[in-house]
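Only one structure is covered here, and it is reproduced in the block below.
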Number of protein chains: 2
Amino acid sequence: MLLQNPTKQAAVTTADKVFEQLQHAIVEGDMAAGSKISEPELAKHYQISRSTLREALNRLEKCHLIERKANIGSRVVDCTIEGLLELYITREALEGMACRQAALNMTDEEIAHMQDMLAQHAGDKALQDGVAYYQEEGDVDFHYKVILGSHNQQLINLICGQLYHLVRMYRCQFGMHSPRATRAFTEHSNIIQAISDRDGELAELLMRRHIAASRKNIENKIALQKAEQES
Amino acid sequence: MLLQNPTKQAAVTTADKVFEQLQHAIVEGDMAAGSKISEPELAKHYQISRSTLREALNRLEKCHLIERKANIGSRVVDCTIEGLLELYITREALEGMACRQAALNMTDEEIAHMQDMLAQHAGDKALQDGVAYYQEEGDVDFHYKVILGSHNQQLINLICGQLYHLVRMYRCQFGMHSPRATRAFTEHSNIIQAISDRDGELAELLMRRHIAASRKNIENKIALQKAEQES
DNA sequence: TTAAGTGTAATTGTCGACAATTTTTTAAAA
DNA sequence: TTTTAAAAAATTGTCGACAATTACACTTAA
């Protein structure tokens, strides 16, 4: 799995390690969305003290994977359709702007590197029928590169450090392997073109459409599922 | 002061209260930007244990007012010009989208209420020469109402829960009382018009220009200060 | 004088116990 | 039986102490 947040350093403290394990467990759905978290129970399970666990919980709260109420406790966040759509709207705003900034701020080397990556994905895509690989790693790789390319620490922190954990959670829980592989590839290609043309306005527009298309794709899928259930 | 985050509940636990005090101290500059934080010292100063203090520090980290490194400690964030400009770019993206969503999602009552508020500000403005009051509370009130009007919890949390603490910090530290009062008022007025017309696209555009204008205003001021220092 | 290494002091991370609050259970009254 | 109240259990918040790591001062060698 290369889907890691590229901005964080290695986990050194035990709270860090437990945080990563919990993060994984929540994202993958091993801890049910919306379920209550028992501090004594979890601390015992990971063989750590409650203080250390709470430190880990604080980090989970930072990336919005759990919610906390004073004197009541923590819950894993709920995965609702509304939440998913809200997340995509936020992504549209942030990644759109990141893409604009990338067009202004990326170095020529960074752009070249991203073009190489895309070319390689194109090869892989042709090789293995273009479905499985590209959707997962390829897509995330691309988006990360654009975000980092913005050279805007504020945007990078917000998107990579917080939003993307939730994105991965929703991807897992709703079992999204969108059938948009080829179209997404073309869209990525066009975005890179706009960036290398240093056309910030177009780059932002294309990225927003790219994400909006994903959102609409999901909306359709949801509507379809709903129709199936009713039949 | 009405400049509080409108989304949070009252502080119940002592860690909450210390958090608020520290937040104030950092925003107002009583704790120097970039300075190191000594846990034993602060704990003694507030007469609480280190555990409680660390809980408060975690909350400060959540709204990006301090930065933490494992085994090394915490520092108050640095206020740099680059950071300020990055912040405004992020605001442009997020608040622009929030404004678009507000045009789609606000209730008629909410819109009416916002129009009332603006009218009242207009009165105050005429009354007291329109400078002092409007810039501070009026501006923040307006922006908060728009953000909340998006009815998008994700956007609301990001902007009100995190970004705006930093915004206030920069405002204090850089002593910003922008001379844009009258122009800002007109811009607010136009934005509300777009929202009440349910024109999301225009609403977003206007909000982005509004924030971009603030950013450019700051850039000019900085350039001016730099020129002064050199003379 | 500078550089590297060592030992001490200080700071952060982790732990288990107690206090305060909330939830559940139990008992009593309507 | 349902509702209310009180008691008990469980959970979260806070505390002080110890362990691990880092920062600093001092010594020693180049």
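Just the heavy atoms: all of them, side chains too, but no hydrogens, waters or symmetry mates, feed the values below. Naming: A, B, ... by sequence-line order, numbering from 1 per chain.
- For B:Tyr88, there are no ring pair (Phe, Tyr, Trp, His ring centres under 6.0 Å) partners, not counting sequence neighbours.
- Sorted by first then second residue, the salt bridge (Lys or Arg N to Asp or Glu O under 4.0 Å) pairs that include residues 41-51 of chain A, not counting sequence neighbours, are A:Glu39-A:Arg50.
- Toward the 5' end of DNA chain C, the nearer of the two residues A:Ile72 and B:Ser74, judged by each one's closest nucleotide, is B:Ser74.
- For A:Asp16, the side-chain hydrogen bond (donor to acceptor under 3.5 Å, both in side chains) partners at least two apart in sequence or on another chain are A:Arg59.
- Contacts of B:Phe174 classified as ring pair (Phe, Tyr, Trp, His ring centres under 6.0 Å), with partners at least two apart in sequence or in another chain: B:Tyr170.
- Within residues 41-59 of chain B, the residues that have a heavy atom under 4.0 Å from DNA chain C are, in order of number, B:Arg50, B:Arg54.
- Scanning DNA chain C 5' to 3' for nucleotides with an atom closer than 4.0 angstrom to a non-hydrogen atom of chain B gives a first and last hit of C:dT12 to C:dT14.
- Listed by chain and number, the residues in a side-chain contact (heavy atoms from CB on, under 4.5 Å) with A:Ser51 are A:Ser49 (sequence neighbours excluded).
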Side-chain donor-acceptor distances from residues 108-116 of chain A under 3.5 Å, at least two apart:
residue	atom	partner	partner atom	Å
A:Asp108	OD1	A:Arg198	NH2	2.9
A:Glu110	OE1	A:Thr107	N	2.9
A:Glu110	OE1	A:Thr107	OG1	3.4
A:Glu110	OE1	A:His151	NE2	2.8
A:Glu110	OE2	A:His151	NE2	3.2

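- Applying the salt bridge (Lys or Arg N to Asp or Glu O under 4.0 Å) rule to pairs touching residues 85-98 of chain A yields A:Arg91-A:Glu95, A:Glu92-A:Arg208, A:Glu92-A:Arg215, sequence neighbours excluded.
- By the 4.5 Å heavy-atom criterion applied to side chains, A:Met31 and A:Ile37 are counted as neighbours.
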